There are 2 protein chains.
Amino acid sequence: MDDGVPDIMDMGAAPKTEPRRGAQAIRRALAVLRILAAGRETGLPLAEVVQATGLTRPTVHRIVHVLIEEGIVERHEKTGRYAIGSQVPELALARPSRSPLLAAADEILKRTSREVGDTLFLTVRTGNDTLCVDRRIGSFPIQVLSIEIGARRPLGVSSAGVAILAAMPAQEARKIVAANEARFVSYRTNAATVLAQIAAARRRGYNLREVGLVPGTKSISTWIKTPDSRPAAAITVSAVRMRLGPRREPELAEILLDAARSIEQKIRSP
Amino acid sequence: MDDGVPDIMDMGAAPKTEPRRGAQAIRRALAVLRILAAGRETGLPLAEVVQATGLTRPTVHRIVHVLIEEGIVERHEKTGRYAIGSQVPELALARPSRSPLLAAADEILKRTSREVGDTLFLTVRTGNDTLCVDRRIGSFPIQVLSIEIGARRPLGVSSAGVAILAAMPAQEARKIVAANEARFVSYRTNAATVLAQIAAARRRGYNLREVGLVPGTKSISTWIKTPDSRPAAAITVSAVRMRLGPRREPELAEILLDAARSIEQKIRSP
DNA sequence: CCGTTTCTGTCCACAATATGGACGATGGGG
DNA sequence: CCCCATCGTCCATATTGTGGACAGAAACGG
């Protein structure tokens, strides 16, 4: 009845069986929560949630305030911004601490980090978002620390997001990009640009971003697939431009591709 | 407009302003989630969720399956039990890692643990539940490890839960006990018993449990209050019966009371 | 100081949505 | 094979959520 995905690694809502309908209110509440999660500790103003979810303001308002009463969302006294509440980590305690992916990646990331000397990021897909779940700082004295663990952005915005999209069937990727279109505006990009980047990454075998969030930086991302060959994560290296010249770029890409393959391996045989 | 609680420490839904109504579906979904959280990794069968929430089976079924589609709940392939899904910890990453309470308690727990030699638990209140958030193993060779971090039970069931209830206004405690009544049956207790224990703890100044979850063990719990003097947590020591004889019991209680006071202090002045 | 803009919060008539009683399916045990 | 326990589904009903329109509050700026 249900889909029978092996599901060794976890990922967002399985996009296989979607047809069940109803429960609109609950779905909307979750959509709001996921948007709020992108706001981290500082949170987001109501209007931004409205814009990102595409819901009407009264609806978002009602949802957010119910969630506050339930302790799932908090409102910052001063700023009036809404953010994920303290009860969410409490619910999360019900699960074992480290996911299989994180466990598998730990050793390999450490090794790779020593090898490259620049900052590495491990980013997973969760629903239509990317989520940074691990970061390793390298030995080179200039490090790009733009992203923190927990950072959450729409798939397609970050280098890792493009890589993950490039690794999935074109049609599925297009669907996700379309779904995220409303949220792209806050990140000063749009669907067409993202689709072009995806195509380029697919051709190249990895994603190369010439201009990172911080000007003067570049990054490379490779994707990691689950045993059923669905992309679930990406490894990214970020460095100042001078560290990613035409000679070093393909070298680094090769190292990241190796690391990705090793992690894929390790997930198959625990 | 909103309640103006200082809220240095976090706790469950603030029981001050409850009147807002509506959003039944969302509230019910959250109730289901909280029950599922008590099931930890192994999860719970549907029937148990029905029993604990007091909702009808079709309703719980629908809610649970929507949450599965959304990745918030998982269903274990073999057992068919429902459990908190992988997306919950992902949402939790949006928050800073350690709560003020945990930070304040860390040092003091370490010291106290060395002093007593038996297992210590730090348990918070979250809504109508208790949640074990820290555990320190002592040096004595026999340790009671009945409870793990993340364990979640209705307020009133555990020693810590009784302590927390004893520290709040009698009327509020009664209300919570009543709300949890349906869930007590699974833990082989009932409202009358719990209320008696609360009264005894209130008289004594701390809670003493003669028979713990594991036969042959005893435990003592003291409560921790927030600056606005609402109970938010409890410290518990659990030990085999011989370690908690009539001489040592009051000594230990005094040590725990000290520790609780120290933590309260530290929260006030960070 | 007082328009003006941009937020957030509230109301309420309407209908889409969630609800739960009843029935059906599944599967393990005796 | 039948029984009992558990899970899943249907569908008529009215309860619940919805969003357009309005109102208040705070930031802006001339």
Side-chain angles (χ1 to χ4, degrees), chain A residues 1-4 16-33 35-36 39 42-70 72-83 85 182 185-186, chain B residues 1-4 14 16-33 35-36 39 42-70 72-83 182 185-186:
Chain A
M1 218 123 287
D2 227 0
D3 63 325
K16 294 217 165 156
T17 12
E18 296 236 11
R20 189 186 295 264
R21 30 172 292 168
Q24 163 194 94
I26 296 174
R27 270 185 229 279
R28 286 178 167 186
L30 292 173
V32 167
L33 264 189
I35 295 301
L36 287 179
T42 50
L44 298 173
L46 189 64
E48 217 158 306
V49 183
V50 170
Q51 136 76 21
T53 55
L55 301 171
T56 64
R57 217 186 42 262
T59 299
V60 173
H61 181 264
R62 186 167 10 88
I63 290 173
V64 155
H65 279 261
V66 173
L67 293 176
I68 287 176
E69 275 179 34
E70 296 286 336
I72 301 294
V73 164
E74 277 171 14
R75 182 160 203 206
H76 289 139
E77 204 67 36
K78 300 254 149 175
T79 60
R81 287 166 163 249
Y82 300 95
V185 296
S186 332
Chain B
M1 221 121 285
D2 226 359
D3 63 328
K16 294 219 164 154
T17 13
E18 297 236 13
R20 187 186 297 263
R21 29 171 295 166
Q24 164 195 93
I26 296 173
R27 272 185 228 277
R28 287 178 166 186
L30 292 173
V32 167
L33 262 188
I35 296 300
L36 287 180
T42 50
L44 299 172
L46 190 64
E48 217 157 306
V49 183
V50 170
Q51 136 76 22
T53 55
L55 301 172
T56 64
R57 214 182 45 260
T59 299
V60 174
H61 182 264
R62 185 166 14 87
I63 289 173
V64 155
H65 280 261
V66 172
L67 293 176
I68 286 176
E69 276 178 35
E70 296 285 337
I72 301 294
V73 164
E74 276 171 16
R75 179 157 205 209
H76 289 137
E77 203 67 35
K78 299 253 150 178
T79 60
R81 284 163 164 254
Y82 299 94
V185 296
S186 332

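Convention: sequence-line order gives letters A, B, ...; per-chain numbering from 1. Quantities reported herein were computed from a predicted structural model and do not represent experimental measurements.
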Between atom [atom1] in [X] and atom [atom2] in [N], what is the gap in whole Å?
X      : N       : atom1 : atom2 : result
Q24(A) : dA15(C) : CD    : C1'   : 11 Å
I26(B) : dT19(C) : CD1   : P     : 11 Å
H76(A) : dT8(C)  : NE2   : P     : 15 Å
K78(B) : dG28(C) : NZ    : P     : 12 Å
R81(B) : dT6(D)  : CZ    : P     : 11 Å
L55(A) : dA16(C) : CG    : C1'   : 15 Å
I68(A) : dT8(C)  : CD1   : C1'   : 12 Å
R62(B) : dC11(D) : CZ    : P     : 15 Å

Out of [options], which has the shortest distance to the side chain of [X]?
X      : options                   : answer
P45(A) : dC7(D), dT8(C), dC11(C)   : dT8(C)
A23(A) : dG8(D), dT19(C), dA18(C)  : dA18(C)
R75(A) : dT8(C), dC11(C), dA18(C)  : dT8(C)
H65(B) : dG9(C), dT19(C), dG8(D)   : dG8(D)
T56(B) : dG17(D), dG21(C), dG19(D) : dG21(C)
T59(A) : dT18(D), dG21(C), dC7(D)  : dT18(D)

* Asked: Any idea which heavy atoms bring V66(A) and A23(B) closest together, and the distance?
  -> CG2-CB, 3.1 Å

* Smallest separation among heavy atoms of V49(B) and L36(B), with atom names -> CG2-CD2, 3.8 Å

Would you say a side-chain N or O of [X] is under 4.0 Å from OP1 or OP2 of [N]?
X      : N       : result
R28(A) : dT18(D) : yes
R27(A) : dA18(C) : no
H61(A) : dG9(C)  : yes
Y82(B) : dT6(D)  : no

* Asked: Per the atom types in the model, does the base of dG19(D) pair as donor or acceptor with the side chain of R57(A) at under 3.5 Å?
  -> no

* Asked: Are R81(B) and E48(B) ion-paired here, with the side-chain N under 4.0 Å from a carboxylate O?
  -> no

* Does E70(A) use its side chain to pair, donor to acceptor, with the backbone of L30(B) at less than 3.5 Å? -> no

* **Side-chain donor/acceptor of H76(A) to backbone N/O of T42(A), under 3.5 Å** => yes

